[in-house]
Structures are given as structure tokens and as C-alpha cells.
Amino acid sequence: MNKKITKICCIGAGYVGGPTMAVIAQKCPHIKVTVVDLNEARIAAWNDPNTENIPVYEPGLSEVVAEARGRNLFFSTEVDKAIDEAEMIFISVNTPTKTYGTGKGMAADLKYIELCARQIARVAKDDKIVVEKSTLPVRTAEAVKNILQNTGNGVNYQILSNPEFLAEGTAVEDLHAPDRVLIGGDTTPEGQEALNALVEVYANWVPRERILTTNLWSSELSKLTANAFLAQRVSSINALSELCERTGADVTEVARSIGTDSRIGPKFLKASVGFGGSCFQKDILNLVYIARSYGLKEVADYWEQVIIMNDHQKSRFANNIVKTLYNTVSGKKIAFLGWAFKKDTNDTRESAAIYVADALLNEEAGIAVYDPKVPESQVFFDLDYLGTRSADKNKQLVTNYTDPYEACKDAHAIAILTEWDEFKTYDWQRIFDNMKKPAFLFDGRSIVDSAALTDIGFKVYTIGK
Ligand SMILES: NC(=O)C1=CN([C@@H]2O[C@H](COP(=O)(O)OP(=O)(O)OC[C@H]3O[C@@H](n4cnc5c(N)ncnc54)[C@H](O)[C@@H]3O)[C@@H](O)[C@H]2O)C=CC1
Ligand SMILES: O=C(O)[C@H]1O[C@H](OP(=O)(O)OP(=O)(O)OC[C@H]2O[C@@H](n3ccc(=O)[nH]c3=O)[C@H](O)[C@@H]2O)[C@H](O)[C@@H](O)[C@@H]1O
């Protein structure tokens, strides 16, 4: 007989914990779901009476939260209480790249995971199923198990790996109809019982044939592999975009031509200014680190090239702006349309915009930023975090706008960094009329109609054309 879960707790109310648990609560009204976090401001925002103010912007998410919150979905800072009550505990805390010590700049920093494991071990009084939702290096479950099982208070733990594959901007859609749900567990009878308990949770809305079960290590490694493959496709098409620019081939046509081959497929072939987001880079660096730690030099070098190519794409976009603007951007106004790492999210982590801006600021450019969802404070946080120059200097050189037309007024050039749909429908004639001439436009996302803009008078540069 499978254990039926009625109380879930999730540690970490971020971009994954928040949306994932909101959808579990929505689809499983019989399960009480409590999402906890140490960050009081974040929890307060999740509890904001106006669900438009929740801390994660995702299309459709505020409606899901409005439906379930207060019914069977709760957000709280009382971590111990939620752990104590729950039968199943998801760990969905951040696992950033290490910034210190061994593996600095490469390995995943697992200190938040370990803290969670220790907290569960300290608080739990009855048996628990602990689910790794965070993306983790292969064999992390072993460390979590070690910490939990060596507490000696008689509690039995089962560890499951249940990596998340949602993409930001489409999180709700992805959670409602996932390509697959992956659950890894121990092959022992107890492990399989725990695994089945989680299968039953998802089976409330996910067709069973889409719920894949594996052993723990396959599940952990599959998550890193999926992100590595996706990022590799972007770097592959971006590598070709540079060759297209030199040869007269058009990367959009090349992508369409190869994408119709069913073995290749059409998705993830959009050339861009470079991939961003909190995970691709960190997960590949982590994969490279793991391969190196097993002495697999060729494997590590192979995957590292995906990152090298991505860095190259960002810097060549910035260099092209400087070169085209007669080798100097000093004192010139460059308007940035978009700061988020992709459309339909307010997340800016590792956004290409940050690195392109940093390179142009090194050349003393003045940058005017407009993004429909990213607040000014975040733009400065991102630039200050790099530590390239003082916060005062960033404030001096960067201005944020809430009106795109004002951002572009008197600009020498416009750079499109994020593919927000609204950019396609602007009154480009009006923008052109108010710009310095020649009016340059660098489309890092191939989203505007370059022929129409050229007719207006813009000098358009599009990635891969
Ligand atoms: N962002 C994304 O789209 C995806 C992220 N992931 C993975 O999911 C994990 C979480 O990512 P995000 O949600 O983006 O991170 P995040 O940084 O948005 O959220 C993590 C939250 O955990 C909280 N936290 C950390 N330690 C805690 C503790 N000991 N007790 C209570 N709360 C604690 C933090 O305060 C933070 O609010 C990462 O491993 C990431 O790689 C996986 C799939 C998609
Ligand atoms: O582990 C994670 O965090 C998640 O990482 C990615 O999701 P996400 O980073 O949210 O968004 P993507 O749609 O994958 O885009 C990543 C970056 O690649 C860029 N991209 C994507 C596709 C493409 O064709 N071209 C391209 O430049 C996007 O603009 C963005 O900057 C994966 O798609 C998710 O499956 C995974 O769960």
C-alpha cells in the first residue's frame, strides 16, 4: 500500500519553490503545502493581499496563487514548524557557483543544502521523505543521506531526487503540462515506496507515462545533462551566427533549414546575444568541475567550450557596438531595450545585458535602460555586484527609464538585449526621429523587422545576418 501524502513542506520560496508548490497546491487540494524561507521580505511578498505583487513574475502565476493561497497553500518563515508537520520535504534552495575555496568559480556551493539537511535532522521527530528539488551535483543525495542518518534520533529518511525542468517565463505552462517529471530514488523497497508516494502526488495532473523514475544518480545527472544539452544548442547556433555574418548566410534561414530535420528539431536554435539565466552557466561549470574531479579532461574541456562560446558572443556584441560607433562610445547615449535574461520574467541573473553594459561602461558610454519588468534597483544591484567600478560611477553612467521612448531619445544607438514582444510594436518612426543620426540599432535577439527599420533610416545590425 502506497503512503498517501497529505502535508508537504518546501524549503526555499524562490523562482522554483514558489511556482512549483503553487501548482502542486492548485492541483492537489487535499494536500497542505507550506513554503518556507528565511527571507522575510520574500515571504511577505508571497503573502501580499494583491497577488500581482508576488515576488516572482510569471504569466498566470498570480492566478494560481490566488486560487490556492489560504486554502491549502501557505507561505511562512517558520521553517522548523513546517518541517515538523510535513511528511514530505522539498529542498528548493539556491545552489550557486562557489565564490571561495576549492572549486571557486566552478563547483556548486552546497552550503545551503547542507544547512537544510542539518535543520531537518535537528527538527524531525517522525519519518520523512526528503526531496531534492534544487539542481545538484551527481551523488549529492549521498551527502544529504549521511547527514540525516547520522543524527541518531531514530527517524527514518528516504531521499528522492526530483529535479525541476521549468523554464522561467513559461513556468506555469511547464508545470501544468510538463514534458516529463523525473523522480530518482533508492532501489530498496523503502526507497521505491517513497518514490511511489511522490509519483502519486504528480499523478493528480500529470499523465503517468510522463512520470519517469530512475535511480538517484541518474536523476541527479540527467538534470545537469538536460541543461548542458540545451545551452550547447544555443552556443552552437551562436557560433554559426558569427560565420553567417562573415559569409552572407542568414542564421535564421540556417536554423529553419536544419530545424526541419526531425532528428535535430526546431527548438532552441535562436541565435542571440548569449544565453543568461541562473542555471545554464552554473550547471555546466558544475558538470565541468565534476568531470575534472574524476580526471576526465576531454569531457570537461568539451562542455567548457559551451561557456567559452557564450562569453565570446556577449563580448563580440559589445565590441561591435564600439567599432560601429566609430571606435568610441565615450559620452554617447546607448539605449538598452531589455535587461531581463529572457522575456516574460523579471529575473536578471546572468543576463547578457549585464555583461554587455559592463563592457560599454568600461568605454565610458552612458547607458539608458528600459525593461518592462525590471526595477532600477535591480539594474544597479547587478552592475555593482560585478565590482568593476564604484557604485557612484555606475550611478553616474547609467540611467533607468520607465518610458522606452524617453530611453531612446537622443541616443546614438539602441541595443535590444531581451526579446520582449512589446519591442516589435513600438512606433519606430517616432524613435528614429528623436535619435542622433546616424541612428544605429543592434538587435541582439533578431526580433524587429530589420527591412522596415532600414527603410525608416536606421542602420540595423542583427545577430547572424
Ligand atoms: N530558476 C529556475 O528557473 C530553475 C532553478 N532550478 C534550481 O532550483 C534551485 C533554486 O533555484 P531558484 O528558485 O531560482 O533560487 P532562488 O534564489 O530564487 O530561491 C532560493 C530560496 O531559498 C532560500 N533559502 C536558502 N537557504 C535557506 C534555508 N536554509 N532555509 C530557508 N530558506 C532558504 C533563499 O532565501 C531563497 O529565497 C537551484 O538549485 C536551481 O539550480 C531548477 C530549475 C529551474
Ligand atoms: O534549470 C533551470 O534553471 C532551467 O534552465 C532553463 O530555463 P531558463 O534558464 O529559465 O530559460 P531558457 O528558456 O532555457 O533560456 C535560457 C537562456 O537561453 C537563451 N536562449 C534560449 C533559446 C534559444 O534558442 N536561444 C537563446 O538565446 C534565452 O534567451 C535565455 O537567456 C531550461 O530551459 C529549463 O528546462 C531548466 O529547468
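We're numbering straight along the sequence, starting at 1. Counting starts at 1 for both ligands and their atoms, in listed order.
- How far CG of Leu240 is from CD of Glu242: 10.5 Å, rounded to the nearest 0.5 Å.
- Using bins of under 30°, 30° to 60° and over 60° for the plane-to-plane angle, the ring pair Tyr426/Trp428 lands in the tilted bin.
- Note that Arg180 lies in the cation-pi zone of Phe165, set by a 6.0 Å cut-off to the ring centre and a 45° limit from the axis.
- Taking the six-membered ring where tryptophan is involved, the planes of Phe275 and Phe280 are perpendicular, since the angle between them exceeds 60° and thus also 30°.
- For the 3.5 Å distance criterion, the side chains of Tyr100 and Asp109 qualify, holding a donor opposite an acceptor.
- Listed here is the closest heavy atom pair of Glu200 and Asn204: O-ND2, 3.2 Å.
- Remark: ligand 2 and Val234 share no N or O pair separated by less than 3.5 Å (distance only, no angle test).
- With Glu168 as the partner, the salt bridge (charged side-chain N to carboxylate O under 4.0 Å, His left out) test is satisfied by one option alone out of Lys373, Lys342, Arg349, Lys343: Arg349.
- Evaluated by nearest non-hydrogen atom to atom 12 (P) of ligand 2, the leading choice among Lys342, Arg349, Glu419, Lys267 is Lys342.
- Looking from atom 24 (O) of ligand 2 to the surrounding protein, the closest heavy atom is Lys270 N, 2.9 Å.
- Residue-to-ligand polar distances keep Gly277 apart from ligand 2: every N/O pair is separated by 3.5 Å or more.
- Classification of Lys32 and Glu85 as a salt-bridged pair holds, one side-chain N sitting under 4.0 Å from a carboxylate O.
- From the protein, the heavy atom lying nearest to atom 14 (O) of ligand 2 is Phe268 CZ, 3.1 Å.
- A cation-pi contact, defined as under 6.0 Å to the ring centre and within 45° of the axis, is absent between Lys133 and Phe90.
- Close N/O approach between Asp283 and ligand 2 is not found [any backbone or side-chain N/O within under 3.5 Å].
- The contact set between ligand 2 and Leu230, taken as ligand atoms under 4.0 Å from a residue heavy atom, comprises 32 (C), 33 (O).
- Of all protein heavy atoms, the one lying nearest to atom 3 (O) of ligand 2 is Cys279 SG, 2.7 Å.
- For the pair Asp80 and Arg122, the salt-bridge criterion is met [side-chain N within less than 4.0 Å of a carboxylate O].
- Taking the ring axis of Tyr157 as reference, the NZ or CZ atom of Lys145 does not stay both within 45° of it and closer than 6.0 Å to the ring centre.
- Nearest non-hydrogen protein atom to atom 18 (O) of ligand 2 is Phe275 CB, 3.2 Å.
- Looking at Glu164 next to ligand 2, an N or O pair under 3.5 Å apart turns up.
- Closest to atom 17 (C) of ligand 2 by heavy atom, among Gly276, Ala226, Ser278, is Gly276.
- Among the atoms of Phe280, none of the N or O lies under 3.5 angstrom from an N or O of ligand 2.
- The nearest heavy-atom contact from the protein to atom 35 (O) of ligand 2 is Phe165 O, 2.7 Å.
- Salt-bridge annotation for Arg445 and Asp443: absent, with no side-chain N of the basic residue lying under 4.0 Å from a carboxylate O of the acidic one.
- Proximity of Asn238 to ligand 2, defined as any heavy-atom pair under 4.0 Å, is not found for any part of the residue.
- Remark: ligand 2 and Thr135 share no N or O pair separated by less than 3.5 Å (distance only, no angle test).
- Residue nearest to atom 10 (O) of ligand 2, selected from Glu350, Glu168, Lys223: Glu168 (by heavy-atom distance).
- The side-chain contact (heavy atoms from CB on, under 4.5 Å) test with Trp46 is passed by exactly one of Asp37, Val35, Val56: Val56.
- Judged by distance alone, the side chains of Tyr15 and Asn94 never bring a donor and an acceptor atom under 3.5 Å apart.
- Contact annotation for Leu166 and ligand 2: only backbone heavy atoms (N, CA, C, O) come within less than 4.0 Å of the ligand.
- Closest to atom 9 (O) of ligand 2, if we only count protein heavy atoms, is Phe341 CE1, 3.5 Å.
- Asp301 and Gln305 share no side-chain donor-acceptor pair at under 3.5 Å.
- Using modelled atom types, one finds no donor on one side chain facing an acceptor on the other under 3.5 Å when comparing Ser219 with Glu132.
- Within 4.0 Å of ligand 1, counting heavy atoms only, the contacting residues are Ile11, Gly12, Gly14, Tyr15, Val16, Asp37, Leu38, Asn39, Arg42, Ser92, Val93, Asn94, Thr95, Tyr112, Cys116, Ser134, Thr135, Glu164, Leu166, Glu168, Lys223, Ser278, Cys279, Lys282, Arg349.
- Residue, atom and distance of the protein heavy atom nearest to atom 27 (O) of ligand 2 are Ser272 OG, 2.6 Å.
- The N/O atoms of Gly274, backbone and side chain alike, include none that comes under 3.5 Å of an N/O atom in ligand 2.
- No hydrogens or angles considered: a donor-acceptor pair under 3.5 Å links the side chains of Lys282 and Thr95.
- Heavy atoms of Lys343 come nearer than 4.0 angstrom to ligand 2 in no pair at all.
- Ligand 2 lies less than 4.0 angstrom from a heavy atom belonging to Arg445.
- Atoms of ligand 2 found under 4.0 Å from any heavy atom of Leu269, numbered from 1 in the order shown, are 24 (O).
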